[in-house]
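Scroll down for the structure; my scribbles are underneath it.
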Amino acid sequence: MSHNTKQDIMRLVEENDVQFIRLQFTDVFGTLKNVAITARQLEKALDNKVMFDGSSIDGFVRIDESDMYLYPCLDSFTIFPWRSSNGNVARLICDVYRPDGVPFEGDCRGVLKKVLRKAAKMGYNFVVGPECEFFLFHTDEEGRPTTITHEKAGYFDVAPLDLGENARRDIVLTLEDMGFEIEASHHEVAPAQHEIDFKYSNALHTADNIMTFKFVVKSIAKRHGLYASFMPKPLSNVDGSGMHINMSLWKNGENIFYDKKGFLQISDEGYHFLAGLMKYAPEMALITNPIINSYKRLVPGYEAPIDVTWSTGNRSPLIRIPTTRGIGTRIEFRGPDAAANPYLALAVCLEAGLRGIEEKLEPAPHIEGNLYTMSREEKDAIGIKPLPRDMRESLHVFRKSEFMKEVLGEHIFKKYVNAKKEELNSYQSQVTDWEINEYLYKI
């Protein structure tokens with residue numbers, strides 16, 4: 001990432017005919033927002049003087065305390081590689097502050113920065129690489145999204161089976177134009193499902209990149225007449241879309257998860273971090289798997305975890321340690337999905353791991369068998385704990401968690417609980433197609 005000054009950005013805007021700048025930020029629930037300004041207002045924005053109404057954003061503040069200010073991160077300045085009819089458009093990712101210059105406690109980016117400061121005081125740099133999966137569906141005559149696809153492609157298939165190949169290629173090239181280093185892209189297991197992996201970076205940069213990635217994927221898909229969905233489980237009876245998080249801790253330029261002499265060549269710190277993730281995974285689930293549909297993905301038989309376990313080669317547990325060693329040693333957390341707010345998801349993962357190190361926690365033995373073939377009684381007998389089975393159970397565990405309240409802060413914690421209660425109540429009042437098909441003719 002470049003290190004820009006205000007003068008650098010003013011120069012780049014002038015040299016590249018940038019007419020509009022999007023001041024982007026993310027709400028508590030992971031939705032990208034922006035305030036658009038013209039180039040004439042750029043200097044005001046760079047002086048942190050652009051205000052917006054925080055009471056209009058879910059999870060922010062009441063109407064009687066609504067004034068919020070956007071503080072741009074200068075290093076996030078990017079010119080979109082597509083031109084509008086009125087000139088180029090750029091963006092700046094922003095932190096949210098109160099009028100008195102104090103960081104807003106409801107700013108999710110600020111939550112991650114707080115945990116990263118703790119890691120830095122311990123001497124650690126948290127490095128993260130996500131695996132982002134999504135579906136490409138047709139739109140209807142009015143451009144609205146559907147769940148219709150005509151393709152039948154599967155894992156690693158190519159054209160002509162992979163009908164989304166051209167769109168995926170354009171997405172990759174656009175991301176590279178914006179400074180992403182794309183490591184791989186391919187068709188996933190389910191029809192119309194795709195994955196694009198970009199290079200790991202420090203956690204804050206990665207969280208920013210995830211938000212940018214989702215924005216670009218949706219924008220380029222639309223240009224191909226498609227709709228890109230990051231919904232965890234848009235279709236029954238096929239694999240859902242996850243957002244696996246590969247993570248490692250670095251200290252003095254070295255990956256501290258690697259120890260040539262350790263068991264499986266993993267260091268004590270690596271195992272403590274792993275144990276912290278396992279301890280707090282059920283409490284974190286409402287953040288890493290935040291919507292009702294998330295739990296339709298976390299079911300047996302579809303390569304998604306259902307229990308708090310870890311392994312090396314096995315892909316059914318929650319956490320996997322891939323075989324790469326040395327600088328590539330990492331922990332792959334397979335539970336999260338792309339509905340998660342990446343700032344909050346990475347913050348809770350890091351805090352859980354750091355507490356594992358602080359408390360010198362030890363993980364349970366690793367599991368290499370197929371967990372889907374084990375009964376609940378067999379799992380209980382060897383101490384395997386389940387993840388929450390639905391959002392109601394996840395909310396129950398979350399509400400009792402002092403850990404989550406401490407990491408997120410009371411403001412976000414309360415807003416999140418209230419919003420998820422409303423979501424559950426709304427869902428409970430709906431009559432679904434499944435119920436009609438299952439019961440109408442019988443009763």
Side-chain angles (χ1 to χ4, degrees), residues 28-31 130-135 147 188-190 193 214 229-245 277-310 315-320 332-342 344-345 348-349 352 371-372 374-376 379-380 384-401 403-404 408 413 416-435 437-438:
V28 170
F29 308 109
T31 303
E131 299 175 32
C132 298
E133 298 172 343
F134 57 94
F135 282 84
T147 56
E188 259 293 340
V189 177
Q193 189 182 36
K214 293 169 74 173
S229 176
F230 291 89
M231 184 176 174
K233 188 83 168 185
L235 299 172
S236 301
N237 304 317
V238 299
D239 288 47
S241 292
M243 186 178 69
H244 301 169
I245 300 174
L277 281 174
M278 293 180 69
K279 176 180 178 179
Y280 293 109
E283 298 171 44
M284 291 160 39
L286 198 63
I287 295 296
T288 57
N289 307 92
I291 62 175
I292 288 167
N293 182 257
S294 295
Y295 299 87
K296 305 290 177 73
R297 168 180 165 256
L298 303 179
V299 295
Y302 293 100
E303 296 189 15
I306 58 174
D307 298 294
V308 182
T309 56
W310 73 279
R315 279 178 160 79
S316 58
L318 174 66
I319 299 171
R320 188 173 76 96
E332 180 187 359
F333 190 39
R334 298 174 56 81
D337 61 59
N341 180 323
L344 299 184
V348 297
C349 286
L371 288 169
Y372 301 141
M374 298 175 64
S375 69
R376 185 70 257 167
K379 294 175 182 178
D380 290 341
I384 295 177
K385 297 180 179 179
L387 287 168
R389 291 292 182 256
D390 55 34
M391 201 173 87
R392 187 174 300 280
E393 183 180 339
S394 188
L395 176 59
H396 177 71
V397 175
F398 181 88
R399 291 177 69 179
K400 297 192 301 180
S401 173
F403 167 76
M404 294 305 299
L408 301 177
F413 184 83
Y416 210 84
V417 166
N418 290 337
K420 294 305 168 182
K421 285 169 62 178
E422 291 180 9
E423 187 176 341
L424 276 169
N425 289 338
S426 176
Y427 177 70
Q428 188 67 32
S429 69
Q430 302 301 309
V431 178
T432 66
D433 289 343
W434 182 91
E435 292 169 275
N437 294 333
E438 183 71 15

Requested in this report: Please round to the nearest 0.5 Å and tell me the distance separating atom CG of Asn293 and atom CG of Asp337.
Outcome: 8.0 Å
Report task. Please identify each residue that fulfils side chain to side chain contact (heavy atoms under 4.5 Å, CB included) with Ser394, with sequence neighbours left out. Result -> Ala285, Leu286, Tyr295, Pro388
Requested in this report: Quick one: list whatever passes salt bridge (charged side-chain N to carboxylate O under 4.0 Å, His left out) with Arg389, sequence neighbours left out.
Outcome: Asp307
Query raised in the report: Looking only at atom types and distance, does a side-chain atom of Arg297 sit under 3.5 Å from a main-chain N or O of Gly335, one as donor and one as acceptor?
Result: yes
Requested in this report: Give a yes or no on whether the backbone of Thr432 and the side-chain of Glu435 come within a donor-acceptor separation of less than 3.5 Å.
Outcome: yes
Query raised in the report: Who pairs with Tyr302 by ring pair (Phe, Tyr, Trp, His ring centres under 6.0 Å), at least two apart in sequence or on another chain?
Result: none
Requested in this report: Kindly give the heavy-atom pair with the smallest separation between Met284 and Val348, and that separation in Å.
Outcome: SD-O, 3.8 Å
Query raised in the report: Does the side chain of Thr288 come within less than 4.5 Å of Ile245's, by heavy atoms?
Result: no
Query raised in the report: Do Val308 and Pro282 have side-chain heavy atoms sitting under 4.5 Å apart?
Result: yes
Requested in this report: Return yes when atom CD of Gln428 has more than 12 non-hydrogen atoms of other residues, nucleotides or ligands closer than 6.0 Å, and no otherwise.
Outcome: no
Report task. Say whether, by atom type as modelled, one donor and one acceptor occur between the side chain of Glu332 and the main chain of Arg320 under 3.5 angstrom. Result -> no
Query raised in the report: Heavy atoms, side chains only, cut-off 4.5 Å: are Pro232 and Ile291 in contact?
Result: yes
Requested in this report: Compare every heavy atom of Lys214 with every heavy atom of Ala340, then report the nearest pair and how far apart it is.
Outcome: O-NZ, 4.5 Å
Requested in this report: Measure the CZ-CE distance between Phe333 and Met278 for me, rounded to the nearest 0.5 Å.
Outcome: 10.0 Å
Query raised in the report: Quick one: does Met404's side chain get under 4.5 Å of Tyr280's, heavy atoms only?
Result: no
Requested in this report: Give a yes or no on whether the backbone of Val238 and the side-chain of Lys233 come within a donor-acceptor separation of less than 3.5 Å.
Outcome: yes
**Report entry** Residues which pass side chain to side chain donor-acceptor pair (under 3.5 Å) with Ser236, listed by chain and number, not counting sequence neighbours
**Finding:** none
Report task. Decide if atom CZ of Phe413 counts as having more than 12 heavy atoms of other residues, nucleotides or ligands within a radius under 6.0 Å. Result -> yes
Requested in this report: For residues Leu344 and Val28, report the shortest heavy-atom separation together with the two atoms involved.
Outcome: CD1-O, 3.5 Å
Query raised in the report: From His244 NE2 over to Glu133 CD, what is the distance, rounded to the nearest 0.5 angstrom?
Result: 5.5 Å
Report task. Flag the pair Ser294 / Met391 as yes when at least one side-chain heavy-atom distance between them is below 4.5 Å, and no otherwise. Result -> no
Query raised in the report: Between Leu318 and Ala281, which heavy-atom pair has the shortest distance, and what is it?
Result: CD2-CB, 3.6 Å
Query raised in the report: Between atom CD1 of Ile287 and atom CG of Leu408, what is the distance when rounded to the nearest 0.5 Å?
Result: 5.0 Å
Query raised in the report: In terms of ring plane angle, is the pair Tyr416 and Phe398 parallel, tilted or perpendicular, where the classes change at 30° and 60°?
Result: tilted
**Report entry** Rounded distance (nearest 0.5 Å) linking atom CD1 of Ile319 with atom CG of Leu277
**Finding:** 4.5 Å
Requested in this report: Could you list the residues that satisfy salt bridge (charged side-chain N to carboxylate O under 4.0 Å, His left out) with Lys420, not counting sequence neighbours?
Outcome: Glu423
Requested in this report: For Ala338, check side chain to side chain contact (heavy atoms under 4.5 Å, CB included) against everything at least two apart and list the hits.
Outcome: Phe230, Met243
Query raised in the report: Quick check: are there more than 12 heavy atoms from other residues, nucleotides or ligands sitting under 6.0 Å from CG of Asn437?
Result: yes
Report summary line: Taking every heavy atom of Ala304 against every heavy atom of Leu298, the minimum-distance pair comes out as CB-CD2, 4.2 Å
Query raised in the report: Can you check whether Ile292 reaches Asp390 side chain to side chain, under 4.5 Å on heavy atoms?
Result: no
Query raised in the report: If only atom types and distance count, is the side chain of Gln193 paired as donor or acceptor with the main-chain N or O of Gly240 below 3.5 Å?
Result: yes
Query raised in the report: Where do Phe135 and Leu235 come nearest, in terms of heavy atoms and distance?
Result: CE2-CD1, 4.2 Å
